[in-house]
Amino acid sequence: MTRKAQIPIYQLKIMLCDSKPPIWRRVLVPGNITLGQLHHVIQIVMGWDDYHLHQFIVGEIYYSDPTFELDMYGEGVYNEDSITLMRLVPGEKFKFRYEYDFGDDWLHDILVEKILPPDPEQRLPVCIKGVRACPPEDVGGIWGYYNFLEALENPDHPGHDNYTEWIGGEWDAEAFNLDEVNERLRAFWQGPQQR
């Protein structure tokens with residue numbers, strides 16, 4: 001993603017709601033990033049596969065991809081590509097929400113930790129820290145994920161064999177590879193799918 005030197009840098013902490021122990025990522029993004037672009041950052045840094053619908057919730061206002069036609073549910077939904085962080089965020093400590101997969105209801109709190117001065121040498125977006133693996137897609141939300149972990153850890157659990165086969169063997173809930181995440185971010189923003 002290219003940006004001009006005068007654009008401030010936003011440090012965001014993206015936290016998967018109700019995850020205990022916590023699953024989170026800390027990212028730096030340019031202030032002129034749109035919510036639509038931020039959606040792609042979240043997908044990459046968290047480890048989601050972008051298979052499902054999503055939306056941002058800012059107070060009582062919703063933003064999403066207009067092709068999802070979410071406004072048919074009666075609530076006004078605005079185009080996520082029509083607003084940038086600089087226009088949306090009044091200052092540091094501002095919090096908003098990102099929801100992914102309306103069936104599993106993966107809710108993420110996004111906290112604007114810092115608004116930093118421009119740095120033309122800083123490659124953006126970049127993930128600077130994170131902890132724990134993202135749950136697998138379609139595991140049934142956070143409560144389904146807890147059941148999944150319990151089943152994997154206990155060979156006597158009635159779901160152990162099915163979950164082990166479904167996930168393809170081992171699962172490391174503590175795994176997070178910062179270098180791999182940043183490599184995926186760089187590939188996305190340099191590739192043909194750049195928005």
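Keep in mind that what you see is a predicted model, and the values were worked out from it rather than measured.
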When rounded to the nearest 0.5 Å, the distance separating CZ of Phe96 from NE2 of His108 is 12.0 Å
With the side chain counted from C-beta on, respond yes when Leu12 and Leu38 share a heavy-atom pair under 4.5 Å apart, and no when they do not. yes
Minimum heavy-atom separation for Phe102 to Leu53, with atom names? CE1-CB, 3.8 Å
Of all residues at least two apart in sequence or in a different chain, which pass the side-chain contact (heavy atoms from CB on, under 4.5 Å) check with Asp179? Asn177
Cut-off 3.5 Å, side chains only: do His54 and Gln43 have a donor facing an acceptor? no
Within the side chain of Asp49, is there an N or O that forms a donor-acceptor pair under 3.5 Å with the backbone of Tyr51? no
So with a 6.0 Å cut-off around OH of Tyr78, is the heavy-atom count from everything else above 12? no
Which residues satisfy the ring pair (Phe, Tyr, Trp, His ring centres under 6.0 Å) test with Phe56, sequence neighbours excluded? Tyr98
Listed partners of Leu116 passing side-chain contact (heavy atoms from CB on, under 4.5 Å), at least two apart: Ile9, Gln11, Leu28, Lys114
Hydrophobic cluster membership, with links at side-chain heavy-atom distances under 4.5 Å among I/L/V/M/F/W/Y: are Val45 and Leu16 in one? yes
Which heavy atom of Gln37 sits nearest to which heavy atom of Asn32, and what is that distance? OE1-O, 4.2 Å
Could you tell me if the side chain of Asn182 sits less than 4.5 Å from the side chain of Cys127, heavy atoms only? yes
Connected via hydrophobic side-chain network under 4.5 Å: Ile128 and Leu124: yes
Return each pair, listed once, that meets salt bridge (Lys or Arg N to Asp or Glu O under 4.0 Å) where at least one residue sits in residues 23-36; pairs must be two or more places apart or across chains. Arg26-Glu113
Pair Glu80, Thr34 - check side-chain contact (heavy atoms from CB on, under 4.5 Å), show working. CA-CA 7 Å; Glu80 64 188 15; Thr34 67; over 6 Å; no
Taking Leu111 as the starting point, is it possible to reach Ile23 by hopping between hydrophobic residues whose side chains are less than 4.5 Å apart? no
Check salt bridge (charged side-chain N to carboxylate O under 4.0 Å, His left out) between Glu137 and all other residues, then give those that pass, not counting sequence neighbours. none
Is Trp171 reachable from Trp48 through a run of I, L, V, M, F, W or Y residues, each pair having side-chain heavy atoms under 4.5 Å apart? yes
Heavy atoms only: give me the nearest Ala151-Tyr163 pair and the separation to one decimal. CB-CD1, 3.4 Å
Quick one: pull up CG in Asn154 and CG in Leu149 and give me the separation to the nearest 0.5 Å. 12.5 Å
Are Ile14 and Leu178 connected in the hydrophobic side-chain network, where two residues link if heavy atoms are under 4.5 Å apart? yes
Can you name the ring pair (Phe, Tyr, Trp, His ring centres under 6.0 Å) partners of Phe176, sequence neighbours left out? none
Test: salt bridge (Lys or Arg N to Asp or Glu O under 4.0 Å). Region: residues 126-135. Which pairs qualify, not counting sequence neighbours? Arg132-Glu174
Any chance you could measure Ile33, atom CD1, to Ile83, atom CD1, to the nearest 0.5 Å? 13.5 Å
In chain order, what residues pass the side-chain contact (heavy atoms from CB on, under 4.5 Å) check against Asp18, with sequence neighbours excluded? Ile142, Trp143
Among residues at least two apart in sequence or on other chains, which ones pass side-chain hydrogen bond (donor to acceptor under 3.5 Å, both in side chains) with Asn79? none
With side chains defined as the heavy atoms from C-beta onward, is the minimum distance between Pro22 and Met15 less than 4.5 Å? no
Minimal heavy-atom distance between Pro136 and Trp106, with the atoms involved, is O-CZ2, 4.4 Å
List in chain and number order the residues that pass salt bridge (charged side-chain N to carboxylate O under 4.0 Å, His left out) with Asp105, two or more places apart in sequence or in another chain; answer none if no residue qualifies. none
I'd like to check the salt bridge (charged side-chain N to carboxylate O under 4.0 Å, His left out) partners of Arg97; sequence neighbours left out, ordered by chain and number. Asp109
With the side chain counted from C-beta on, respond yes when Phe94 and Leu85 share a heavy-atom pair under 4.5 Å apart, and no when they do not. no
Work out which heavy atom in Ile115 is nearest to a heavy atom in Pro8; give both atom names and the distance. CG2-CB, 3.9 Å
About how many Å separate CH2 of Trp24 and OG of Ser19, when rounded to the nearest 0.5 Å? 11.0 Å
For Tyr10 and Thr84, run side-chain contact (heavy atoms from CB on, under 4.5 Å): C-alpha distance rounded to whole Å, both residues' side-chain angles, the deciding distance at 0.1 Å, then the answer. CA-CA 11 Å; Tyr10 283 60; Thr84 65; over 6 Å; no
So, for Gly140 and Asp104, which heavy atoms are closest and what is the spacing to 0.1 Å? N-OD2, 3.2 Å
Give me the one residue out of Ile44, Val27, Val41 that meets side chain to side chain contact (heavy atoms under 4.5 Å, CB included) with Pro125. Val41
Which value, rounded to the nearest 0.5 Å, describes the distance between Asn162 atom CG and Trp166 atom CH2? 11.5 Å
Got more than 12 heavy atoms from elsewhere within 6.0 Å of CD, Glu92? yes
Report the distance from atom CZ of Arg184 to atom CH2 of Trp189, rounding to the nearest 0.5 Å. 11.0 Å
Are the side chains of Tyr100 and Ile42 in contact, using a 4.5 Å heavy-atom criterion? no
Looking at residues at least two apart in the chain, or sitting in another chain, which of them share a ring pair (Phe, Tyr, Trp, His ring centres under 6.0 Å) with His160? none
